[in-house]
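Below: the structure, in structure tokens.
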Amino acid sequence: MTPEEQRRKNRNTALGLLVVVIAIMVWFVWRVGTSGG
Amino acid sequence: MSSTTATAGHAPSHGHDDHHHGRPTGWRRWLFATNHKDIGTMYLIFSFCMLLEGGVLALLLRTELFSPGLQFFQPELFNQFTTMHGLIMIFGAIMPAFVGFANWMIPLQIGASDMAFARMNNFSFWLLPIGGILFTASFFVPGGANAAGWTMYAPLSLQMGPGMDFTIFAVHILGASSIMGAINIVVTILNMRAPGMTLMKMPLFCWTWLITAYLLIAIMPVLAAAVTMLLTDRHFGTSFFNAAAGGDPVLYQHVFWFFGHPEVYVMILPAFGIVSAVVPAFSRKPLFGYASMVYATAAIAILSFLVWAHHMFATGMPITGQLYFMYATMLISIPTGVKVFNWVATMWRGSMTFETPMLFAVGFIFVFTIGGFTGLMLAVAPLDIAMHDTYYVIAHFHYVMVAGSLFGMYAGAYYWLPKWTGRMYDERLGKWHFWMSMISFNITFFPMHFLGLAGMPRRYADYAAQFTDFNQVATIGAFVFGFSQLIFLYLTLKAFAGRGEPAPAKPWEGAEGLEWTVPSPAPFHTFETPPVVK
């Protein structure tokens, strides 16, 4: 694997994880907003 | 774990790599650090400073509690101390310390040249002092620091002064740092392992951190969402948790503990990884049941998401809910028991020696197991309703967090200090540190079980006179424990100053892993050519 391929692979993995983080955060605010407050 | 013999790449003779890329000097080396070892060192130094700050707050609490009545602090200030002690220890000391270990050791253990995102690593670290300053500065704003407890339950947290906003902002910042650190660790472990280093050959410390990082990615956004909702309730007219406007304060507790319970495992799983490295090294045997250790760690992590409401038995809950959360919580003792069994089985008929890392590891197993058993008792709903918010809970989680996380960290620090500094520590003083800590820890926290069972509530500056004796014992123990930690400070400062016996590449006869194939101290750059693991 070339350094460029390695960087791309790392970046894609990180972006995937970042999407998970944002999705969890948004879902919790939405869910709390609709069930309690 | 299989053999991790490096056949290529970085052999000890490659120490000349040390200055390949013009290692930066002076303050730039630290401010602009992208090297995983430098950043790991900064994490460890920062977390130790926060440990001292949190420790001073603890000693102030114990000073007030030496005798009944109010001696030194008004209850409002006392509650600020309890709250900030918890927040500083969790977010400032334990979590960053384990990230420091991860930064130092994960690339060395998997044969990577550095972390996947070196600049993000720098940013993750430098967010920490900002969070630490916010925590500390909040004592000096009108109304003082957050006094709602580290859990920041509504409605109390909705009613406090600007100190609460400081806490919310600090938690946001430290949470962002944790998320970035966790993403960095996952990507490093998944994508940058040396050829031949399959997942099931990784040292258990890497495994526990991989699982911990996934936990962090799942739970830190929940905490961020919870405190953001607190913030908008406080200042922007929403009422997520404000009952007066139709919100639900108990819902805050659900959201918080959905973060809070896995958070406990964030603070203990890396310690499991360290102990799983130290015990085999000083037993001179491979770890017993490597695969079962990995699966047990994963099982603990998964179960940790399913038990949050055992922190809320006292809020009122349907009986079926109580039964579910009680039994689900008890289930966690099974994978945890697997781990304790495996550590003991590793030691069984081993050629054991008791250098300081091993003392702390064995001490960890002993006292952490006590904390596990008291946790099991608290999981029993009818018992928990009696013991909820008493000193029994304080005793329980300090057995897990101090004798668990902190002793695990000390085991790791003594184990890898020769690799970090190139110097051996003073074994005699290390043993003094262990025995003083172990004895004074138990003097401090064991009586708290009795105080709790007798009904002494937590988070009060005053208490009924019948609790005096045990409180005085606890306070004396706390001061001895606090001052014992200065031995560790002295030993590490001495090693980092380059004093003491020079350490060989592999100072521990039974140690295994790629980190011992590089010289001590580990050169600035390691594994630029990946080793091949057989």
Side-chain angles (χ1 to χ4, degrees), chain A, chain B residues 112-118 120 154 158 172 175-176 178-180 182-192 195 213-214 216-230 232-233 237-256 258-259 530:
Chain A
M1 193 184 295
T2 66
E4 185 48 43
E5 286 170 336
Q6 177 79 68
R7 267 194 290 274
R8 196 179 309 125
K9 188 178 174 192
N10 289 350
R11 192 183 57 214
N12 291 343
T13 312
L15 284 175
L17 294 169
L18 189 63
V19 168
V20 172
V21 167
I22 293 168
I24 293 171
M25 205 165 352
V26 170
W27 187 83
F28 263 86
V29 175
W30 171 78
R31 194 70 186 84
V32 171
T34 53
S35 62
Chain B
S113 58
D114 206 312
M115 298 293 283
F117 302 104
M120 187 168 82
L158 301 179
H172 275 138
S178 281
I179 289 170
M180 284 190 281
I183 289 176
N184 214 344
I185 287 167
V186 171
V187 176
T188 304
I189 292 177
L190 290 187
N191 293 353
M192 297 182 66
Y214 275 121
L216 279 169
I217 287 166
I219 63 168
M220 292 314 288
V222 180
L223 178 66
V227 296
T228 304
M229 287 185 272
L230 280 184
T232 60
D233 273 10
T238 61
S239 48
F240 291 108
F241 308 125
N242 180 5
D248 183 356
V250 176
L251 188 59
Y252 174 82
Q253 297 189 24
H254 281 288
V255 178
F256 180 84
F258 190 81
F259 147 81

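Reminder, nothing fancy here: chain letters follow the sequence lines and each chain counts from 1.
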Side chain, backbone, both or neither of [X] within contact of chain A (heavy atoms, under 4.5 Å):
{"X": "B:F117", "value": "side chain"}
{"X": "B:I179", "value": "side chain"}
{"X": "B:V250", "value": "neither"}

Original post:
Between A:L17, A:T13, A:I22, A:N10, which residue shows the highest count of heavy-atom pairs closer than 4.5 Å to chain B?
Top reply: A:N10
Subject >> Residue selection (most heavy-atom pairs with chain A, distance under 4.5 Å) from B:P249, B:A243, B:A225 >> reply: B:A225
Original post:
For B:N191, does its backbone N or O pair with a side-chain atom of A:Q6 as donor and acceptor, under 3.5 Å?
Top reply: yes
**OP:** Please test A:V32 against B:V255 for side chain to side chain contact (heavy atoms under 4.5 Å, CB included), starting from the C-alpha separation and ending with a verdict.
**Re:** CA-CA 8 Å; A:V32 171; B:V255 178; 3.5 Å; yes
**OP:** Find the distance between CZ (A:F28) and CG (B:L223) and round it off to the nearest 0.5 Å.
**Re:** 11.0 Å
Original post:
If you look at every heavy atom in B:I217 and A:V21, which pair is closest and at what distance?
Top reply: CG2-CG2, 3.7 Å
**OP:** Write down the atom of A:A14, the atom of B:I183, and the distance for their closest heavy-atom approach.
**Re:** CB-CG2, 3.7 Å
